[in-house]
Amino acid sequence: MAYWLMKSEPDAFSIDDLAARPKQTEPWNGVRNYQVRNMFRDQFKPGDEAFFYHSSCELPGIYGLMKVVSAAYPDPTQFDPKSDYYDPKSTREDPRWLLVDVKFERKLKKPITLTMLREHEKQLDGLIILQRGTRLSVTPVKPAHWNAILKLEAT
DNA sequence: GCCAACGTTGGC
DNA sequence: GCCAACGTTGGC
């Protein structure tokens with residue numbers, strides 16, 4: 001089983017939005033980056049765990065936990081001309097973009113902010129989100145990092 | 001296949 | 001709103 005960190009702008013889709021979904025699941029659509037597409041395709045497995053990270057907001061950080069509940073499949077928004085995520089170059093025969101379904105697990109008692117993560121840089125050496133200029137919206141998290149980060153919830 | 005221009009991300 | 005970083009596009 002693998003661990004992931006998945007970013008979303010809370011104005012667009014937040015941990016509370018996920019918790020409010022009828023089955024507390026949501027297709028993680030709109031990813032338009034080949035590296036992430038390949039991670040979805042090659043590495044994501046149902047049962048994987050993920051941090052829900054809020055970006056571009058007042059307090060960027062990890063706000064909750066979720067579980068991956070599907071294999072990768074084509075993102076339907078790429079075929080929808082009315083969608084912001086429409087990609088005219090993608091076809092149903094050869095879809096360019098994939099997504100996975102995620103399921104709400106729980107909110108953290110309090111967010112683990114980016115600042116807190118930085119304060120524990122030593123333990124979290126190599127965590128991608130702490131590296132300069134990382135813009136990937138989905139990144140892998142090593143098990144040791146996952147555990148170290150979760151411990152910060154109690155601090 | 002190079003690379004300049006452009007667009008996007010995301011913290012601050 | 002600024003701007004650094006970096007992925008993508010497209011002309012050549």
Side-chain angles (χ1 to χ4, degrees), chain A residues 2-21 26-44 48-68 72-102 104-142 144-146 148-153 155:
Chain A
Y3 296 104
W4 306 98
L5 182 146
M6 301 171 79
K7 293 182 193 172
S8 178
E9 298 187 15
D11 288 348
F13 187 73
S14 72
I15 184 77
D16 291 317
D17 293 328
L18 180 62
R21 286 294 189 259
E26 181 76 0
W28 199 262
N29 59 28
V31 171
R32 296 294 179 265
N33 172 284
Y34 288 104
Q35 284 186 63
V36 177
R37 190 273 312 266
N38 294 345
M39 283 190 263
F40 282 164
R41 184 188 61 199
D42 302 332
Q43 296 177 257
F44 268 67
D48 286 357
E49 297 279 338
F51 288 131
F52 195 127
Y53 181 96
H54 285 183
S55 66
S56 294
C57 57
E58 197 174 343
L59 259 188
I62 297 164
Y63 281 72
L65 305 182
M66 54 190 177
K67 192 182 277 283
V68 176
Y73 64 95
D75 180 346
T77 63
Q78 70 195 299
F79 307 124
D80 177 3
K82 293 194 293 291
S83 168
D84 286 346
Y85 302 125
Y86 179 57
D87 183 349
K89 292 184 196 154
S90 185
T91 63
R92 286 176 191 278
E93 295 70 37
D94 186 19
R96 183 179 288 195
W97 307 114
L98 303 175
L99 56 68
V100 297
D101 292 342
V102 295
F104 176 79
E105 225 155 54
R106 67 178 179 89
K107 281 175 79 167
L108 298 188
K109 296 184 196 86
K110 58 181 178 130
I112 298 169
T113 62
L114 182 59
T115 308
M116 291 165 67
L117 296 174
R118 289 234 169 85
E119 285 166 3
H120 295 81
E121 234 169 358
K122 283 228 176 84
Q123 278 177 278
L124 301 176
D125 186 44
L127 185 70
I128 295 173
I129 198 151
L130 294 181
Q131 287 167 198
R132 191 174 57 102
T134 297
R135 292 171 27 190
L136 288 177
S137 63
V138 174
T139 51
V141 177
K142 291 178 187 158
H145 288 162
W146 177 275
I149 291 167
L150 265 187
K151 285 205 181 107
L152 300 180
E153 188 184 15
T155 59

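Proteins come first, then strands; the chains are lettered A, B, ... in the order of their sequence lines, and each starts at number 1.
- Summary of the strand contacts: A:Lys89 and A:Gln35 both lie near DNA chain C, and taking for each the nucleotide with the nearest heavy atom, the more 5' one is attributed to A:Gln35.
- If you check the side chains of A:Asp16 and A:Ser14, you find no donor sitting under 3.5 Å from an acceptor.
- In this structure the side chain of A:Val102 never reaches within 4.5 angstrom of the side chain of A:Phe44, judged on heavy atoms.
- Whole-Å rounding puts the A:Tyr34 OH to C:dC6 C1' distance at 16 Å.
- With no hydrogens or angles considered, no side-chain donor-acceptor pair links A:Asp80 and A:Tyr85 at under 3.5 Å.
- Atom-to-atom, CZ of A:Arg135 to P of C:dA5 comes out at 12 Å; the value is rounded to the nearest Å.
- Close to C:dG7, at under 4.0 Å from its OP1 or OP2, lies no side-chain N or O of A:Arg37.
- Within residues 122-133 of chain A, the residues that have a heavy atom under 4.0 Å from DNA chain C are, in order of number, A:Arg132, A:Gly133.
- With a 6.0 Å radius and a threshold of 12 heavy atoms from other residues, nucleotides or ligands, A:Lys151 has its NZ atom at or below the threshold.
- Protein atom CZ of A:Arg32 is 19 Å distant from nucleotide atom P of B:dG7, rounded to whole Å.
- One can place CG of A:Asp84 at 16 Å from C1' of B:dT9, the figure rounded to the nearest angstrom.
- With rounding to whole Å, A:Met6 atom CE is found 16 Å from B:dT9 atom P.
- The only option from A:Arg32, A:Gln78, A:Arg96 that meets the side-chain hydrogen bond (donor to acceptor under 3.5 Å, both in side chains) definition with A:Ser90 turns out to be A:Gln78.
- Rounded to whole angstrom, the span from the NZ atom of A:Lys7 across to the C1' atom of B:dT8 amounts to 12 Å.
- At whole-Å resolution of the value, CD in A:Glu58 and C1' in B:dG10 are 15 Å apart.
- Atom CG of A:Asn33 is separated from atom P of B:dT8 by 14 Å (rounded to the nearest Å).
- In A:Asp125, the CG atom is not crowded: 12 or fewer heavy atoms of neighbouring residues, nucleotides or ligands sit closer than 6.0 Å.
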